[in-house]
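Data first, discussion second: the structure below is written as structure tokens.
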Number of protein chains: 2
Amino acid sequence: MTDSTRNARRPRRGRPGKPAGDDGGDARRRLLQAAAGQFAAAGFAGTSLRAVARDAGVTPAMIAYYFGDKAGLMEAVLVTGLDEVLGALEAALDDGGGDSAPALERFVAAELEALTSHPWIPRIMVQEVLSKDTPLRQVFVDRFASRALALVRPAMAADLAAGRLRADLDPRLVILSVIGMCVFPFLAEPLLGPLVGYRIDDDFAGEFVPHTLALLAQGLGAKS
Amino acid sequence: MTDSTRNARRPRRGRPGKPAGDDGGDARRRLLQAAAGQFAAAGFAGTSLRAVARDAGVTPAMIAYYFGDKAGLMEAVLVTGLDEVLGALEAALDDGGGDSAPALERFVAAELEALTSHPWIPRIMVQEVLSKDTPLRQVFVDRFASRALALVRPAMAADLAAGRLRADLDPRLVILSVIGMCVFPFLAEPLLGPLVGYRIDDDFAGEFVPHTLALLAQGLGAKS
DNA sequence: CTTGTTATTAAATGAACGATTAATTAATAT
DNA sequence: ATATTAATTAATCGTTCATTTAATAACAAG
């Protein structure tokens, strides 16, 4: 499906040499975009550079030219997306710091909205960063995880001190549960979307953020 | 790491022919075990049959003999594990039906305990079933998802009728959030385990089940 | 105009992979 | 005893892959 829909776009492959005019510099961006989609859909090992190059309308040699090798391409894809998400998280948590909503609520909302714009990030993460001990993991830790945790932990401590967070829960496990609630729908959408009945489009965050906040605020139990 | 630790076990590969005595029938089981580990760690495309066979102490031709081809091996791995998990869920939800804990609580506890015994299942699912439209997906839906949902949905309805579940939440999204909370720690353990501070061993369910139930029961908010 | 740099292609290389086949041995049935 | 079946290895085939190399064309600077 991914093939047949995108294939007919670039049927002709030109003669060697620098292309004329306004196409210049575009190939790198198209390669990143094609690679993000294919890495998310088929994983690192399951993605062939030939297919990425074909999707981007260039030859595989261009990947070596711009990114060195396959791992370099994956790294470029990942850091490009992660930087954008981290920026959104920083903006949401540094916000004033005064009387706004509890920090964990702002964190959840910002994360869900950022992921809605980059739905391939969780899939690449789980497939290539979470389970395997690849060089990418260090990139992820340094470039994203450590900074994100540095934002969240003091915010949680502030919530706790202000009495806006239960004191009898293990903070480690709270982080785990909250991240899981936020990230899992993006992982499972291709299967559970049709089955349960949801779709990740521009409106998804608008629907899922209130639900998640309501669930986190009071749990599942009926009001007594 | 996976290589060097498991490698030295079966250094010698015998002469051709049926092995004598009590080894018979063991190769199939060892292949399933080795394949589960490698599929979970490296994904379907990232796993080579040569490596699985080496890990199991046989030749790659044995995989064709027992499972036909690579896809058949993966399918056998998956259904073997899923059947065991489904059995645990059925046992937990069919339990009497009387005055025990809310069904969603029993579901959560049973799922977490079953996954603790088969921690590779969520990783294979996310990597090979959730995101890609492979033949495995139908296997998963028929063999597990449809039956599990058939167990959960009436149980949730009963909870709702008995006033043990908030009526103002979207049931579709509740299922999504609950599954995400349960499954995500298994996906993220290789990365977040050392970082956040938890390990999936025999005691994990004993620690995580009470936390999850407490969080689901009342949410994060401090008691007023 | 020439010279160098940048961006691109076509073609070749070598390794790894999944799958197949033929040979081989043990167990079992006749 | 003998034939048949079950379980296993060794060897190899054809394919696909990532990567490398050499050639080529546009463009910029002198």
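The analysis underlying the following values was restricted to heavy atoms, covering all of them including side chains, and did not include hydrogens, waters or symmetry mates. Bear in mind the structure is a predicted one, so any value in this text is a computation, not a measurement.
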*Between C/dT9 atom P and A/Leu31 atom CG, what is the distance in whole Å?*
10 Å

*What is the nucleic acid contact for A/Thr59, judged by heavy atoms within less than 4.0 Å: base, sugar-phosphate only, or nothing?*
base

*How many Å lie between CG on B/Asp26 and C1' on D/dT8, as a whole number?*
14 Å

*Is atom CG of A/Asp202 surrounded by more than 12 heavy atoms (other residues, nucleotides or ligands) closer than 6.0 Å?*
no

*asked:* What is the separation between atom NZ on A/Lys70 and atom C1' on D/dT20, rounded to the nearest whole Å?
replied: 17 Å

*asked:* For a side chain to side chain contact (heavy atoms under 4.5 Å, CB included) check, start with the C-alpha distance between B/Leu31 and B/Phe67, then their side-chain angles and the critical distance, and finish with the verdict.
replied: CA-CA 10 Å; B/Leu31 276 173; B/Phe67 307 103; 4.0 Å; yes

*asked:* Just the rounded figure in Å: distance from P of D/dA7 to CZ of B/Phe67.
replied: 12 Å

*Separation of A/Arg50 atom CZ from D/dT15 atom C1', in whole Å?*
10 Å

*Value in whole Å for how far the P atom of C/dT20 lies from CG of B/Leu49*: 12 Å

*Which is true for B/Tyr66 with a 4.0 Å heavy-atom rule: it touches a base, it touches only sugar-phosphate, or it touches nothing?*
sugar-phosphate

_Distance, rounded to the nearest Å, where B/Arg28 contributes CZ and D/dA7 contributes P_ = 11 Å

*asked:* Of the options D/dA6, C/dT20, C/dT9, whose atoms approach the side-chain atoms of B/Tyr65 most closely?
replied: D/dA6

_Separation of C/dT8 C1' from A/Arg29 CZ (nearest whole Å)_ = 17 Å

*Centroid-to-centroid, B/Phe204 to B/Phe186, below 6.0 Å?*
yes

*asked:* Between B/Ala61 and A/Pro60, which residue's closest nucleotide on DNA chain D lies nearer the 5′ terminus?
replied: B/Ala61

*Under the 3.5 angstrom rule, does the side chain of A/Thr47 hit a backbone N or O of A/Ala42 as a donor-acceptor pair?*
no

